[in-house]
Amino acid sequence: MIESKLAESLQNAVNTLYNQEVSPDIFQIQKTRPEFEGDLTVVVFPLLHLSHKAPEPTANELGQWLTEQLNEVKAYNVIKGFLNLEITDAYWISFFKTAAGEKNFGFKPQQDEPPVVIEYSSPNTNKPLHLGHVRNNLLGWSVAEILKASGKRVVKVNLVNDRGIHICKSMIAWQKWANGKTPKNTGQKGDKLVGNFYVLFDKAYKKEIARLMEQGMDEKEAAQKAPLILKAKEMLVKWEAGDEEVRQMWKEMNSWVYAGFDATYKRMGIDFDKIYYESETYLLGKALVNEGLEKGIFYRKQDGSVWCDLTDEGLDEKLLLRADGTSVYMTQDLGTAQLRYNDYHPQKLMYVVGNEQNYHFDVLQRILKKLGKSWADGIYHLSYGMVELPNGKMKSREGTVVDADDMMEEMAATARKTSKELGKFDDFTPEESFKLFEMIGLGALKYFILKVDPKKTMLFNPEESIDFNGNTGSFIQYTHARIRSVIRKAVTTGISPETEDIAGLSLEKKEKTLLKLLYDFPQVVSAAAESYSPAQIANYCYELAKEYNQLYHDLSILKEGNTSKRALRLMLSGFTSQVLCSAMGLLGIQLPERM
RNA sequence: GGUCCAGUAGCUCAGUUGGAUAGAGCAGCAGCCUUCUAAGCUGCGGGUCGUGGGUUCGAAUCCCGCCUGGAUCACCA
């Protein structure tokens, strides 16, 4: 890396010229802005207290030194307090020659250390996945891939919420109104079918509440005494007691939902290494609660409920066990965290969960720390913002959701329509074009979601749908198809860049800009891994594709008369294609050979 | 009310540990297909970076106040 070499040389310069000992990481070395001459810029303001001179003389002295000491530095210029360094083309080309040969350029080899366990998706089995889940799934999967690329071992886990009152609601509704409908005899996707009964339950339940309120009951009481909810509660009790009949129906309906989820996950291209089911883990936390009681960290109220007092940390008291001894959400998560720790001894326990649960995970970590679990330091809540619609939040019960399957289907259909309008794919087989529409549609969807900072709430406007022009996945896919096309043509016209000697070439501005962008890739990957942000990768891909497109338009690669120059551009094309594939692969987006 | 997060062009979003004249895309306008793929390229217009202070050589970025929006503070998950 040229940056570290510069820093080292600057360290010597400061030592010799100003007689001061400094660490090489105090130097601010950044990319030179395009409007100035040079490649890298040293900011000299912070060094003035070492030189005891004005900015410009300091910069000049250091520039002089670097030019003399390092043969990679060709020239320098000083503007105000900025020392702009011009790096030789020979350096960039030699970097290029070695990097382009590395198959995994930008990726670090896997380190021998404990894994990162990352939980994402975590669906409820009473309703289908919607756009909010899509953000969760894509984010979790992509962050896992980025961590792998930065050398981590990663275990992707899913915690399926397969039990509880919400599931019983679907079951009651199905019992009452389904007349034996199954995915098999209706052809409906299992998660959709079960989800519909959940909605039916909710509608009927609301009616009951309204009726009871007409009879003079207040809303709270009505919500608790409506016959339907009593039935659901009764069913939950039966479920917990292991009632054969209830368990059988539960098993069957869940299996329909899983089949539906699997189809959605598969189309989305995400997967897991391990699936935990809440029905198998929901009793786990109680041991920890007892541990806390024994240690005197938790306390029991008169009614028998167990609490953890976090008021000294600026939070509230948190319930851990109900008066009847049953566990709550927090109890279960304490248990599953311990289970996961036992299973993997991870260096980090990540949870990809929406920001509405920030408080929950804050409390979870604090309680585990109170219990003396030192591994709780490794808990990290990767909190992401909601996907909002123009008229506000998505709400499953009110039907204002964008369904994940519908969304993917619509994207593929739009890709088809757009392609037809542009008159492409005329020579494609049906299978080929089907694969492409899927690739383009899903690419657009994934890019649209992943390019925005996970922390931020994002807006999705169904009216406008997702664009295929501009800063989009399809633009990058298109650029890639274009690169491949150039390379194919070179091969058919008998041009073979490998035989040409490119070492002594001088670089044109466009070529150098592209090369420098490619040079940045490893740093982009590690930065994205540190901040858990696929958005950085996405924006990098766009920049790279855009730069290539400009080069493509300005310079006719295949028409270039100078054969070694043409070889350089072809090789640059190949390298760009490779880096784009690697980078977009981290987002789960495939790039086509043609489109 | 307490806590946390966000506020950048008409709209959707970038903006690395504080650095040079704040960037893209969409939308609008004007050009470019007998030339390697026009899902593209070029140009134009568009900003008190919510607001007021502070820190310093230098602030969209860090600190404090205020305004606006969101989340959360359940014997729901």
Side-chain angles (χ1 to χ4, degrees), chain A residues 25 28 30-33 35-36 41 43-46 48 54-55 79-82 84 122 124 161 163-166 278 282 301 303-307 314-316 318-324 326-330 332-333 354-360 362-363 383 385-386 388 392-393 415 418-419 421-422 424 440 444 448 451-453 455-461 464 467-479 481-490 493 523-524 527 530-531 535-536 538-539 542-543 546 549-550 552-560 569-570 573 594-595:
Chain A
D25 50 5
Q28 291 182 37
Q30 50 198 235
K31 284 189 279 181
T32 303
R33 298 183 64 132
E35 59 265 35
F36 299 101
T41 296
V43 186
V44 299
F45 290 112
L48 301 182
I79 293 167
K80 293 195 264 178
F82 299 92
N84 299 323
S122 321
N124 290 353
N161 185 356
R163 47 137 254 131
I165 190 78
H166 46 289
E278 210 183 279
Y282 81 108
K301 282 192 181 171
D303 63 0
S305 56
V306 178
W307 298 74
L315 302 177
D316 295 317
K318 187 74 197 172
L319 177 83
L320 296 176
L321 282 183
R322 296 189 185 101
D324 62 7
T326 57
S327 49
V328 292
Y329 182 40
M330 182 58 72
Q332 295 171 29
D333 260 4
N355 60 14
E356 56 204 352
Q357 292 193 37
N358 286 354
Y359 181 74
H360 173 77
D362 191 15
V363 171
S383 156
M386 302 289 101
E388 285 185 356
K393 251 189 103 167
T418 309
S419 305
E421 280 167 8
L422 292 168
K424 305 211 170 190
I440 295 167
F448 177 81
K451 80 169 174 190
V452 342
D453 183 339
K455 287 196 308 264
K456 295 193 176 176
T457 52
M458 59 178 290
L459 188 95
F460 173 69
N461 189 340
E464 292 171 9
D467 220 322
F468 288 77
N469 300 319
N471 186 354
T472 63
S474 0
F475 169 74
I476 296 162
Q477 289 172 321
Y478 176 72
T479 303
R482 196 178 235 179
I483 294 173
R484 303 309 305 177
S485 170
V486 170
I487 292 171
R488 270 196 305 275
K489 212 140 250 181
T493 45
Q523 289 172 63
V524 173
E530 268 174 47
S531 57
Q536 291 188 19
N539 288 305
Y542 177 65
E543 215 180 318
K546 199 176 165 160
N549 255 308
Q550 288 171 4
Y552 175 93
H553 277 273
D554 286 5
L555 313 168
S556 295
I557 297 170
L558 297 172
K559 300 265 160 60
E560 173 60 47
R569 289 183 193 158
L570 275 170
S573 300
R594 299 196 288 162
M595 74 181 266

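Here is how names work: the chains are called A, B, and so on, in the same order as the sequence lines, proteins then strands, and each is numbered from 1. Everything numeric in this text was worked out from a predicted model, so none of it was measured.
Contact annotation: A:K451 side-chain N/O to B:rU12 OP1/OP2 distance is not under 4.0 Å. Of the side-chain N and O atoms in A:N358, none sit less than 4.0 angstrom from OP1 or OP2 of B:rU3. Between A:K456 and the phosphate of B:rA14, there is a side-chain N or O to OP1/OP2 separation shorter than 4.0 Å. OP1 and OP2 of B:rG40 both lie 4.0 Å or more from every side-chain N or O belonging to A:Q550.
Residue A:D453 places no side-chain atom within donor-acceptor reach of the base of B:rA6, judged by atom type and a 3.5 Å distance cut-off alone. With hydrogens and angles ignored, no donor-acceptor pair under 3.5 angstrom links the side chain of A:T457 to the base of B:rA71. You won't find any donor-acceptor pair under 3.5 Å spanning the side chain of A:K455 and the base of B:rA6, going by distance alone. Side chain A:T479 to base B:rA39: no donor-acceptor pair is found below 3.5 Å.
Here, B:rC33 and B:rU42 have their C1' atoms 14 Å apart, quoted to the whole Å. The P atoms of B:rA9 and B:rG1 are separated by 28 Å, rounded to the nearest whole Å. B:rA14 and B:rA24 are spaced 16 Å apart, taking the P atom of each and rounding to whole Å. Straight-line distance between the C1' atoms of B:rG69 and B:rC76: roughly 26 Å, to the nearest whole Å. Taking the C1' atom of each, B:rA60 and B:rG50 are spaced 12 Å apart, rounded to whole Å. Rounded to whole Å, the C1' atom of B:rC49 lies 30 Å from the corresponding atom of B:rC41. Comparing B:rC29 with B:rG19, their C1' atoms are spaced 36 Å from each other, to the whole Å. Atom C1' of B:rU3 sits at a distance of 30 Å from the matching atom of B:rU12, rounded to the whole Å.
Between A:F468 atom CZ and B:rA38 atom C1' the separation is 17 Å, expressed in whole Å. Going from atom CD of A:E464 over to atom P of B:rC26 covers 13 Å, rounded to whole Å. Between A:K546 atom NZ and B:rU42 atom P the separation is 6 Å, expressed in whole Å. Put simply, OH on A:Y542 is 7 Å from P on B:rC26, counting in whole angstrom units. Between A:N84 atom CG and B:rG19 atom C1' there is a gap of 12 Å when expressed in whole angstrom units. Here B:rC13 presents its P atom at 17 Å from CD of A:Q536, a figure rounded to the nearest Å. For A:N471 and B:rA39, the CG to P distance is 17 Å, given to the nearest whole Å.
Residue contacts for A:T472: at a heavy-atom cut-off of 4.0 Å it reaches no nucleic acid atom on any strand shown. Counting any heavy atom pair closer than 4.0 Å across all strands shown, A:L459 reaches sugar-phosphate atoms only and no base atom. Counting non-hydrogen atoms under 4.0 angstrom, A:M386 reaches nothing in the nucleic acid. The residue A:P55 sits apart from the nucleic acid: no heavy atom pair falls under 4.0 Å. Counting any heavy atom pair closer than 4.0 Å across all strands shown, A:K424 reaches a base atom. Counting any heavy atom pair closer than 4.0 Å across all strands shown, A:I440 reaches a base atom. Residue-level contact check: A:S383 touches neither bases nor backbone, having no heavy atom under 4.0 Å from any strand. Note on A:E278: only backbone sugar-phosphate atoms sit closer than 4.0 angstrom, heavy atoms only; bases stay farther off. A:L555 comes within contact range of at least one nucleobase, with a heavy-atom separation under 4.0 Å. Residue-level contact check: A:V43 touches the bases, meaning some heavy atom is under 4.0 Å from a base atom.
Nearest nucleotide to the A:R482 side chain, out of B:rA39, B:rA20, B:rA38: B:rA38. Considering only the side chain of A:S485, B:rU37 comes nearest among B:rU37, B:rA20, B:rC41. In this structure, of B:rA24, B:rA20, B:rA39, it is B:rA20 that holds the atom nearest to the side chain of A:R33. In the set B:rA77, B:rA20, B:rC41, B:rA77 carries the atom at the smallest distance from any side-chain atom of A:Q332. Comparing B:rC26, B:rU37, B:rG25 by their closest approach to the side chain of A:D467 singles out B:rC26. Considering only the side chain of A:Q30, B:rG19 comes nearest among B:rU12, B:rA39, B:rG19. Each of B:rA20, B:rA14, B:rU12 was ranked by its minimum atom distance to the side chain of A:K80; first place goes to B:rA20.
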Item to complete: Treat a base pair as Watson-Crick or G-U wobble with both distances under 3.5 Å, then lay out RNA chain B in dot-bracket form, 5' to 3', with | for cross-strand pairs.
Response: (((((((..((((.....[...)))).(((((.......))))).....(((((..]....))))))))))))....
Hey, what are the protein-to-nucleotides 72-75 of chain B N/O distances that come in under 3.5 Å?
unit_1: B:rC73; atom_1: O2'; unit_2: A:D316; atom_2: OD2; d: 2.3
unit_1: B:rC75; atom_1: O3'; unit_2: A:R322; atom_2: NE; d: 3.4
unit_1: B:rC75; atom_1: N4; unit_2: A:D303; atom_2: OD2; d: 2.1

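For B:rC13, the base adopts the anti conformation, since its glycosidic angle falls more than 90 degrees from zero.
Using modelled atom types and a 3.5 Å distance limit, the side chains of A:T472 and A:D467 yield no donor-acceptor pair.
Sequence order on RNA chain B of the closest nucleotides to A:A527 and A:F45 puts A:A527 first from the 5' end. Between A:V452 and A:H360, the one whose closest nucleotide on RNA chain B sits nearer the 5' end is A:V452.
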